[in-house]
Amino acid sequence: MVYALTRRVSHTLAQGELTFLARQPLDPALAHAQQQTYCDWLRHQGVSVLELPAAAALPDAVFVEDAAIVLDEIAVITRPGAASRRPECASVAAALEAFHPLAFIRAPGTLEGGDVLRIGHTLYVGLTTRTNAAGIGQLRSAVAPLGYQVQPVTVSGCLHLKTACTWLGAQTLLSNPHWVDARAFTGFDILEVPASEPFAANTLTVSDTCLLPASFPRTRALLAESGYQVQTLDISELQKAEAGLTCLSILFTANQ
Ligand code: GLY
């Protein structure tokens, strides 16, 4: 069974961390409605959605992906680089321990799930303002015995590695070449997002369908022309809080 762990939008969402975007007015009710439509889309793909309740003290907690890396054998609970986000991890750990053994990133390590791009048994991990070398080293120690390789990737100009680059399946990545050094991905074909849509590289592929924010029509056309089955979703209100599609869920497979 494929699961998605999600968390409902808090009415405090507008108070969350912003790194590369200017703060602007945000309607939490609209953000909630968009997040619920996202959950419905996952259900439509056959995913079992597990929803954590909103947490008023944790404005960014809807971006649940950052709190854990879930593999087939283990869940690694992160230590977010944004100190305000560290209290998000306890409830995510509590939800995941029913499915997998847990490992934990400890100080001085920092790691956020948005920086971890899994392709098979390789974890590409962005070195960013949120994820440091110590965190990457601890992740490697946790997953290497399970047969995973960890490959650091230099990222600049955006929040997370997966803001800059996501996997479309097989040997293809969608990337913004200004934010990530494609040489880290030797052997892959790279589709580049149009310059007018720099944030479009964060896609979510489930059951061979590639989900893209509705705000990126040129990237949608590029993906469709390249043979991908693309669907779009309006997450415009969530994007004001620096959301991407991947960060709204933790997708994992478990036997339960
Ligand atoms: N607002 C999302 C983050 O900065 O973590």
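Ligands are counted one by one from 1 in listed order, and the atoms in each one are counted from 1 as well. Computed from a predicted model, the values in this text were never measured in an experiment. Note that the numbering runs from 1 along the sequence shown for the chain.
The hydrophobic cluster containing L191 also contains F199, counting ILVMFWY residues as joined when their side-chain heavy atoms lie under 4.5 angstrom apart, directly or transitively.
Side chain of E237 to backbone of L30: no donor-acceptor contact under 3.5 angstrom is found.
The contact shell of ligand 1, taken as protein residues with any non-hydrogen atom closer than 4.0 angstrom, comprises E17, D60, F63, R85, R130, L159, A241.
The side-chain contact (heavy atoms from CB on, under 4.5 Å) test with C89 singles out one residue from T78, I105, D66, and that residue is T78.
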Side-chain atoms of residues 207-214: list all donor-acceptor pairs with protein atoms under 3.5 Å, sequence neighbours left out, distances to 0.1 Å.
from : atom 1 : to   : atom 2 : distance (Å)
S207 : OG     : Q45  : O      : 3.4
T209 : OG1    : Q229 : NE2    : 3.0

Using residues 13-21 as the side-chain source, report each donor-acceptor pair under 3.5 Å to any protein atom, sequence neighbours left out, with the distance given to one decimal.
from : atom 1 : to   : atom 2 : distance (Å)
E17  : OE2    : S84  : OG     : 2.4
T19  : OG1    : R130 : NH2    : 3.3

Residues 146-155 side chain polar contacts: donor-acceptor under 3.5 Å, at least two apart:
from : atom 1 : to   : atom 2 : distance (Å)
Y148 : OH     : E73  : OE1    : 2.8
Y148 : OH     : E73  : OE2    : 3.4
Y148 : OH     : R118 : NH2    : 3.4

